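Structure record follows, encoded as structure tokens.
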Protein chains: 4
Amino acid sequence: MPTPEERYAAIIDAAVQLFRKKNYHGTSMQDIAEAVGIYRGSLYHYINSKEELLFRIVERAISKFREVLSKIQMENLTATEKLHQAIYTHVQYIVKDQAGLAILLEDTKQLSEEYQEKIRDAQKQYEIILQNIIEEGIQKGEFKDLNSKVVTYTLLGMMNWTYRWYSVKGKLSSEEIAAIIEDIIINGLSKSNN
Amino acid sequence: MPTPEERYAAIIDAAVQLFRKKNYHGTSMQDIAEAVGIYRGSLYHYINSKEELLFRIVERAISKFREVLSKIQMENLTATEKLHQAIYTHVQYIVKDQAGLAILLEDTKQLSEEYQEKIRDAQKQYEIILQNIIEEGIQKGEFKDLNSKVVTYTLLGMMNWTYRWYSVKGKLSSEEIAAIIEDIIINGLSKSNN
Amino acid sequence: MPTPEERYAAIIDAAVQLFRKKNYHGTSMQDIAEAVGIYRGSLYHYINSKEELLFRIVERAISKFREVLSKIQMENLTATEKLHQAIYTHVQYIVKDQAGLAILLEDTKQLSEEYQEKIRDAQKQYEIILQNIIEEGIQKGEFKDLNSKVVTYTLLGMMNWTYRWYSVKGKLSSEEIAAIIEDIIINGLSKSNN
Amino acid sequence: MPTPEERYAAIIDAAVQLFRKKNYHGTSMQDIAEAVGIYRGSLYHYINSKEELLFRIVERAISKFREVLSKIQMENLTATEKLHQAIYTHVQYIVKDQAGLAILLEDTKQLSEEYQEKIRDAQKQYEIILQNIIEEGIQKGEFKDLNSKVVTYTLLGMMNWTYRWYSVKGKLSSEEIAAIIEDIIINGLSKSNN
DNA sequence: AATGAATGAGGCTTCATTCAT
DNA sequence: CATGAATGAAGCCTCATTCAT
């Protein structure tokens with residue numbers, strides 16, 4: 001007999017896998033119940049609605065990123081060092097929870113306006129911290145003076161894209177991926193740069 | 001009175017806008033009919049099913065990218081020049097049709113397995129061409145010897161992410177964005193690289 | 001093939017009969033669809049929700065009463081004559097549409113607060129008009145000086161109760177019932193009154 | 001810790017209040033449990049089913065009326081005196097337990113046929129006793145010779161209607177209301193009757 | 001071509017009740 | 001006695017699609 005906490009966790013897990021594979025709307029409560037091995041109605045002992053379930057998942061996904069990044073930013077490091085840590089942690093989180101990011105990126109639209117706003121706010125905050133690191137680097141002369149917003153989104157794209165192609169079956173570790181991303185963003189592909 | 005062709009185009013356009021805003025499952029045929037200004041049943045004179053409609057949209061989105069890239073690859077240019085052209089064209093297409101890419105990335109899962117396979121194949125082909133350019137650059141000594149698959153996906157991430165943040169209301173042109181992306185991927189952020 | 005208007009009427013009729021017999025909550029949309037001979041989903045071509053269906057029924061029931069009473073009140077008659085007409089019409093309406101009043105009295109609570117308010121307002125207006133007639137009679141010396149509010153509700157009770165006991169199978173006409181009610185409210189049961 | 005009897009009483013009370021406000025079907029067992037301050041499942045230590053709960057409430061409401069009226073009828077009084085007592089007691093009971101009558105009148109339909117029959121029988125008996133008093137009065141020359149059934153229901157309507165409009169917040173006592181009803185049914189509104 | 005009514009499946013959720021602890 | 005998780009049925013409603021007019 002699973003404890004209620006285990007059941008709740010099992011529901012979240014099942015929902016994450018299913019939403020990832022078939023998206024929010026493509027997944028029925030029936031599907032989730034079956035995956036957990038309980039009846040449809042029993043789900044509602046643990047959650048209030050399908051939408052809330054999505055919100056919990058998406059919120060959890062975004063909050064993990066936020067926590068760590070804000071710690072990094074406050075440490076006494078050069079911008080280059082901060083960027084290094086940010087890239088490694090970010091990529092590690094994605095590799096550990098690809099599904100969470102997939103759902104965050106693809107299904108947030110299905111939430112009600114209030115919920116969406118909370119998520120967008122959290123995303124915005126994350127982006128701002130990252131942008132601050134970039135701007136710090138520019139001001140301190142570590143980085144070139146490029147449009148910091150575009151640089152931030154470009155970096156986010158490099159890292160986040162991992163959720164679409166990374167496969168556990170491949171032999172790459174999150175560190176190896178992070179190393180390449182860091183190398184590119186810092187030094188670029190060009191051989192003439194050392 | 002619009003011609004059948006115009007009607008068909010209007011349906012596609014309406015569907016693109018709606019799918020973009022509310023996703024495939026969040027959009028009803030009713031919504032599309034209303035946006036076009038016809039009755040629900042009339043849609044079926046122009047399309048066979050909602051799924052096929054999604055497929056057409058997604059197919060159109062991907063095929064545009066493919067066409068151009070294969071032309072570039074066959075031209076007699078250095079890898080660095082090819083990359084330059086690829087980035088500028090790719091970003092330009094996204095900026096011109098953000099919605100198409102959004103749907104491609106977020107709603108393809110809703111298609112049946114056969115349709116999905118076609119789309120995945122097309123995406124794969126695009127990625128392979130891009131990867132070939134990268135590998136060419138590595139072999140010819142233009143680029144550093146990094147894992148070409150990871151580099152390819154990283155580049156794709158940088159460019160594709162544009163669909164999520166680019167806003168026509170901002171003052172950036174697609175060329176300005178492409179220039180920054182190119183600068184980063186070639187030279188990196190580091191100030192010590194010239 | 002019934003016209004849409006006939007279908008709508010058939011749905012209302014079926015709902016009235018069923019709500020009357022089993023109350024709003026005891027009646028399923030399935031029940032109504034079956035009674036009309038269509039599918040559950042088809043009901044929604046004609047109505048927007050079960051609640052709205054109830055509202056339409058209840059609104060129709062109350063508005064009939066209101067219309068007539070306001071006409072009577074404005075005519076140039078003594079209070080006694082107005083009362084006479086009010087009683088006869090009111091009883092007649094109940095006898096013709098017992099179910100409507102039953103639903104109005106028993107199921108209005110099931111409506112949302114906004115809908116309930118509309119209905120309560122309409123009822124209130126009806127009661128006020130009736131009370132005005134009573135007060136007119138008191139002021140002009142036709143009626144005894146009793147608490148007009150209590151008298152109004154007492155008269156309403158006498159008449160409305162009909163919805164619970166009147167049976168078409170009995171041999172009483174609405175006029176016969178109205179005559180007795182009028183006799184009681186005007187002269188009372190006591191034999192010593194002429 | 002409340003005794004089982006107190007718990008049972010608390011359940012009945014909570015159910016009465018809730019059924020009154022939201023009707024039988026609009027009230028969930030959950031609602032009742034919450035109002036009592038126990039858990040849903042625990043209700044079933046005290047009652048066998050929601051339906052039985054409704055039956056007990058409705059039965060209790062009707063039986064109070066019956067008891068008293070049968071006593072009155074057997075006393076050695078004139079019909080006019082019996083009517084006087086019946087009206088005062090009936091109105092007093094309603095004022096004391098408006099909710100009970102509301103549920104009896106509005107929710108009895110939700111009971112199974114067997115239960116409904118018991119309730120209808122009890123109501124019928126009450127009506128018969130009242131009708132007997134009326135007929136006694138007619139035979140003894142105290143009352144006018146009107147259709148006794150219609151008179152009985154008309155009187156019931158006058159009195160029962162109280163459940164819909166009486167408000168404890170108003171300043172009227174049950175005696176004042178009973179006095180007006182008695183005055184109307186005996187003497188009528190007309191000023192020419194003394 | 002267009003309409004719009006009808007279909008029938010399926011989705012989310014609520015609920016009375018049971019039962020192991 | 002109390003708990004609270006589980007059941008399984010049923011309820012309201014939406015939707016893609018069909019088809020007669």
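What you see is a predicted model, and the numbers here were worked out from it, not measured in a lab. Throughout, a chain's letter reflects where its sequence line sits, starting with A, and its residues are numbered from 1.
- For the pair C:His25 NE2 and E:dC15 P, the computed distance is 9 Å after rounding to whole Å.
- Of the possible donor and acceptor atoms, none in the side chain of D:Arg56 sits under 3.5 Å from a partner among the backbone N and O of D:Ile47.
- Both C:Ser49 and B:Ser28 sit near DNA chain F, but only C:Ser49 has its closest nucleotide nearer the 5' end.
- When each of A:Gly37 and D:Arg7 is assigned the nucleotide of DNA chain F with its nearest heavy atom, D:Arg7 is the one assigned upstream, toward the 5' end.
- The phosphate of F:dA6 (OP1 or OP2) has no side-chain N or O of A:Tyr39 nearer than 4.0 angstrom.
- Judged purely by atom type and a 3.5 angstrom limit, A:Glu6 uses its side chain to pair as donor or acceptor with the backbone of A:Thr3.
- Not a single donor-acceptor pair under 3.5 Å links the side chain of A:Tyr46 to the backbone N or O of A:Ala9.
- Looking at A:Gln116, its side chain does come within 3.5 Å of a backbone N or O of A:Lys109 through a donor-acceptor pair.
- As rounded to whole Å, 10 Å separates atom C1' of E:dG4 from atom CD of B:Gln30.
- For the pair B:Gln110 (side chain) and B:Asp107 (backbone), a donor-acceptor distance under 3.5 Å is absent.
- Of all non-hydrogen atoms in B:Ile11 and B:Val36, the two that sit nearest each other are CA-CG2, 3.8 Å.
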* **Secondary-structure string, 5' to 3', Watson-Crick or G-U under 3.5 Å, | for another-strand partners, for DNA chain F** => .||||||||||||||||||||
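- The CD1 atom of D:Ile32 sits 12 Å away from the C1' atom of E:dC15 (whole-angstrom rounding).
- In this structure, the NZ atom of D:Lys22 is 13 Å from the P atom of E:dT14, given to the nearest Å.
- Aromatic ring orientation, A:Tyr24 versus A:Phe19: perpendicular (interplanar angle above 60°, classes split at 30° and 60°).
- One interatomic measurement links the two molecules: CZ of B:Phe55 to P of F:dA16, which rounds to 20 Å at whole-angstrom precision.
- Contacts between residues 41-48 of chain C and DNA chain F, counted as heavy-atom distances below 4.0 Å, involve C:Gly41, C:Tyr44.
- We find that CD of C:Glu34 is positioned 17 Å from P of E:dA6, with the value rounded to whole Å.
- For the pair A:Leu18 CG and E:dC12 P, the interatomic distance rounds to 12 Å; values are reported in whole Å.
- A donor-acceptor pair is defined here as one N or O able to donate and one able to accept, closer than 3.5 Å; no such pair exists between the side chain of A:Lys22 and the backbone of A:Ser28.
- Comparing atom distances between the B:Met29 side chain and each of F:dC13, F:dA16, E:dT7 picks out F:dA16 as nearest.
- The distance between atom CD of A:Glu5 and atom C1' of F:dA5, rounded to the nearest whole Å, is 12 Å.
- The nearest heavy atom of DNA chain E to A:Asp31 and to B:Pro4 marks one nucleotide each, and the one closer to the 5' end goes with B:Pro4.
- Contact of the D:Phe65 side chain with the D:Ile94 side chain is registered, since non-hydrogen atoms from C-beta on lie closer than 4.5 Å.
- One N or O donor and one acceptor, one from the side chain of C:Arg40 and one from the base of E:dG10, sit under 3.5 Å apart.
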